[in-house]
Amino acid sequence: MPYDFDSIEKKWQERWSASHCFEAETDPSKEKFFCLEMFPYPSGALHMGHIRNYSIGDVLARFLRKNGKNVLYTIGFDSFGMPAENAAIKYKTKPHDWTLSNIAYMTEQLKRMGYSYDWKREAITCLPEYYKWNQWIFLQMYKRGIVFQKEAPVNWCEHCGTVLANEQVEEGCCWRCKNPVTKKNLKQWFIKITDYAQELLDDIEKDLGGWPERVRIMQTNWIGRSEGAKLSFKLPELDYELEAFTTRFDTIYGVTFIALAPEHELVKKMHTAMSREDAEKLDEFIKKVSSQSSIERSDAKAEKLGFKTPFYGINPVNGKKIPIWIANYILIDYGTGAIMGVPAHDTRDFDFCRKYNIPIIPVINPENGEKLDGATMKEAFTEDGIACNSGEFDGMKTSEAIKKMIDWGEAKGICKREVNFKLRDWLISRQRYWGTPIPFVYCDKCGVVPVPEEDLPVRLPEDVEVKEVGHSPLLDRPDFLNTTCPHCGGPAVREADTMDTFFCSSWYFDRYCSPGDDKRPFEKSDVDYWMPVDQYIGGIEHACLHLIYARFFAKFLTDIGLTEYREPFTRLLTQGMVIKDGAKMSKSLGNTVDPTEIVKKYGADTVRLFILFAAPPNNDLEWSDRNVEGAHRFLNRVWRYVEENCENLKAYGNKIISMDEIKAPALRDFKRKIHTTVDSVTHDIFDEKQFNTAIARLMELTNAIYSLNDASPEAWELKREAVNTLLNCLSPFCPHITEELWEMLGNEKMLCLEAWPAADKKAMTLDSVTVVGQINGKVRGKFERPAGMSKEELEKSILSEPFMIEKIADKEIVKVISVPNKLVNIVVK
RNA sequence: GCCGGAGUGGCGGAAUGGUAGACGCAGUGGACUCAAAAUCCACCGGGGGCAACUUCGUGGGAGUUCGAAUCUCCCCUCCGGCACCA
């Protein structure tokens, strides 16, 4: 009977489903394990990246179940978002219909792969049952002042017709469509993630030891804490105090200009106070700068543009008059949007001053004694050195000067220690239709009013026609827009913006713990039991997006008493990309491989095996048709052996022969192979998550089974033990074929419910070892010796080998190193 | 520019101080077959040698060590992240 993967796989998928064996129950008496994968966006079909992600997760889920853990393993769909709107225009359908039909298709694909999900817990974020709770959580945030509206220069993607959060701008471009992002002044909804900046940072060190170093560094940089001081310059002409943040207060004596971001509020003030002629020039300058895209403005190599205002500020340490400039390289949303310019010790300020002939005053000299001269310096001196031109601080080393000068400044009321973060508040509103409606109404009398909790959800109309990108169909829906004010009962208009979809994905794992609850987002006792996630698996591209937002949510939900955990993901595994012909598989490159076709040709077990064997999970994985065939060949080999030897294997049932009873060396080796395999596969799966080496060990065991030439009853007992072990250990990777063969061997209980085999330490001990004879560290000979010889015995034994004696014949032995069971190294002259 | 990570056969990769190249792919030779496919057996880093064997070999250079792919320092290359963050 050939290996008919198609019917075998369908058969077992049905059996698993009918037996409900993967459904999880909250049960505090059992040790839990929450295995989570980043849920997919229902773009239409699964791609190989998904298959890789979910195959990794399924191995862990199945392995841990076998190891007695109460495993929560489920899936859902992150199903709000722009592609649905684009597809609606393109295919003349509705985002809702398109999304749900994609979900149906992708669900089929997931089931066809044999993943052991608890489908009862599935979460679909675009359904009102789910997004109602987005709105509810949003209102809780609002109540606690974490949600607020403000007008600010925000990232605007013209192509997508919406604003974007900072995290969603990559190198000045939209993370979705890759088009340049510009700044636009708009009133928007924000979430105060910055309230948690310090905690988000501290907990990386404290609690995220199970995360890859790389992701921890990326988040640390993104949060971007910097310590310094805030100081203010008095502007006597305008009766204004201008605040600036600096990390280098020790260079305060070197300030030769002050620079403002073009968006700074003082710019307007100055505009009205300056002459008409100057004001016109300023307008021209602002126009020029604001026409620059974010990439142009944020490129470090871009030309620095400045405008000299007729005003000055007073340096608080020495009373000097400092000219005020407006410059394009000053960012409005970092610090105070104004800087003290110290060209001698800051590269950017240096470039700016050379361009506009602003004086340069060095206030630090290098430690090598060199004296800097502002007129001739070729570049800014940014290293530590010795203070000069700085009054009483002259001669101090930089590290000391920073501390002492801030102390002094604080005492005199000139400055104040301050910590600044690069992380900015999360811009949450989107000018899109296909998202969670923001539960607020605008009332002429009462202003911005939250929708009462009992009126949730604010439903998104589903029967819409999306006409063009950038125009939300909600704006054409008076039935949606027009409502009554919950406060005064008068006419009111609904907020037509929807939430960033990252809001949905920030708590979906909590919902998995407590699916279908219609009274609350989740039941606390369920979440308390299951959370945090023990193993999270997904792509690295979310390092500074989803993974930061979700961490923030965890902290917020705990602060309002809904949960107990402060970090959602204990361990994180970031799998590499799937590559073909040297590039990431993508539709635009046309180098994709459709999982459905491969499954049709070889079966799900082969695809899973290939994808797990071809590379360790963190590495990129090169697609190879040849290697897929190789994986298929291996499964055929396993199939053939069990099938051809089925009668014998069945005849010699389940009597385990212990190592003590086995005499023949070949059989002792064989028994040993079984148990060393279990031991290393267990270690590779759980401790290392190195599935490729685990599979290699199982291939070795298969080879050993094939090569054992012994038909004695004793040998058959051992072969049966080996086959049982092989099938059991292979089952998390290839669950269908192993179930089928397991059943073929007469087992009644499903293999997925069978406990993971235990490695018998006694069976792993070696009888004999190959000892290497080295001379000066180079391998010269290999000798069989009984295992467990002492250092001295071994040394003596190897030194008396004729081969070794000959090699060292006319040389003087300086030293001998003997490592039991391993080697003897003879050092000679 | 700053911060990470990685360089091992023809290829994917093993080995984290002790036999470099497990396992697989590709390749070569052979068996079976009328033939092919499938399967099985043998070989499979480079040089030298009929062979036993020998020598070189983990990006390059130095160092530590009896012994280094592995630890330390310098350099080169590639990949990733951040990037006018004051």
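What's counted below: heavy atoms across the whole structure, side chains too, no hydrogens, waters or symmetry copies. These numbers come from a predicted model, not from an experiment.
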Touch check for [X], heavy atoms < 4.0 angstrom, all strands: base, sugar-phosphate only, or nothing?
X        : value
A:Thr770 : base
A:Val827 : sugar-phosphate
A:Asp333 : nothing
A:Gly335 : nothing
A:Lys422 : base
A:Glu213 : nothing
A:Ile330 : base

Run the side-chain hydrogen bond (donor to acceptor under 3.5 Å, both in side chains) test against A:Ser586 and tell me which residues pass, sequence neighbours left out. A:Ser588

Decide, for B:G9, between syn and anti: a glycosidic angle within 90° of 0 counts as syn, anything else as anti. syn

I need the [atom1]-[atom2] distance between [X] and [N], as an integer number of Å.
X        : N     : atom1 : atom2 : result
A:Ile817 : B:G18 : CD1   : P     : 15 Å
A:Phe381 : B:G1  : CZ    : P     : 19 Å
A:Glu806 : B:C53 : CD    : P     : 12 Å
A:Phe245 : B:C84 : CZ    : P     : 17 Å
A:Asp346 : B:G1  : CG    : P     : 17 Å
A:Glu171 : B:G81 : CD    : P     : 7 Å
A:Glu541 : B:C79 : CD    : C1'   : 16 Å
A:Glu795 : B:C66 : CD    : C1'   : 12 Å

Using the [atom1] atom in both, what is the distance from [N] to [M], to the nearest Å?
N     : M     : atom1 : value
B:U65 : B:U72 : P     : 16 Å
B:G7  : B:G12 : C1'   : 15 Å
B:A6  : B:G10 : P     : 23 Å
B:C79 : B:C23 : P     : 33 Å
B:C43 : B:G21 : C1'   : 16 Å
B:C78 : B:U8  : P     : 14 Å
B:A69 : B:A62 : P     : 15 Å
B:G18 : B:A68 : C1'   : 10 Å

Could you tell me if [Y] and [X] have a donor-acceptor pair between their side chains, going purely by distance under 3.5 Å?
X        : Y        : answer
A:Thr194 : A:Arg424 : no
A:Tyr329 : A:Asp349 : yes
A:Glu167 : A:Trp426 : no

Do NZ/NE/NH1/NH2 and the carboxylate oxygens of A:Arg176 and A:Glu170 come within less than 4.0 Å? no

5' precedence on RNA chain B between A:Arg780 and A:Leu305 (nearest-nucleotide basis): A:Arg780

5'-most by nearest nucleotide on RNA chain B - A:Lys815 or A:Lys807: A:Lys807

Base-pairing assignment for [N] (Watson-Crick or G-U wobble, both under 3.5 Å):
N     : value
B:U72 : B:A62
B:C82 : B:G1
B:G17 : none
B:G24 : B:C11
B:U33 : none

Does a side-chain N or O from [X] land closer than 4.0 Å to OP1 or OP2 of [N], or not?
X        : N     : answer
A:Lys304 : B:A86 : no
A:Asn821 : B:G18 : no
A:Thr347 : B:G1  : no
A:Arg633 : B:C25 : yes

Annotated protein contacts, base or backbone, on nucleotides 8-14 of chain B with a non-hydrogen cut-off under 4.0 Å, one of B, S, - each: ----BSS

Answer yes or no: are there more than 12 heavy-atom neighbours, outside A:Lys422 itself, under 6.0 Å from its atom NZ? yes

How about A:Glu784: does its CD atom have over 12 heavy atoms from other parts shown lying under 6.0 Å from it? yes

Can you figure out which of [options] approaches the side chain of [X] most closely?
X        : options             : answer
A:Val772 : B:C23, B:U19, B:G81 : B:U19
A:Trp222 : B:G18, B:A83, B:C23 : B:A83
A:Asn825 : B:C82, B:G18, B:C40 : B:G18
A:Val779 : B:A20, B:C40, B:G67 : B:A20
A:Leu331 : B:U19, B:G80, B:A86 : B:A86

Name of the residue among A:Ile56, A:Asp684, A:Ile611 meeting side chain to side chain contact (heavy atoms under 4.5 Å, CB included) with A:Phe691: A:Ile56

For A:Leu823, which of A:Ile798, A:Val779, A:Val772, A:Leu794 qualifies under side chain to side chain contact (heavy atoms under 4.5 Å, CB included)? A:Val772

Take A:Thr702 and A:Arg637 through the test side chain to side chain donor-acceptor pair (under 3.5 Å) and record every step on the way to the result. CA-CA 8 Å; A:Thr702 308; A:Arg637 221 164 121 74; over 6 Å; no

Classify the ring geometry of A:Phe5 against A:Tyr3: parallel below 30°, tilted from 30° to 60°, perpendicular beyond 60°. perpendicular

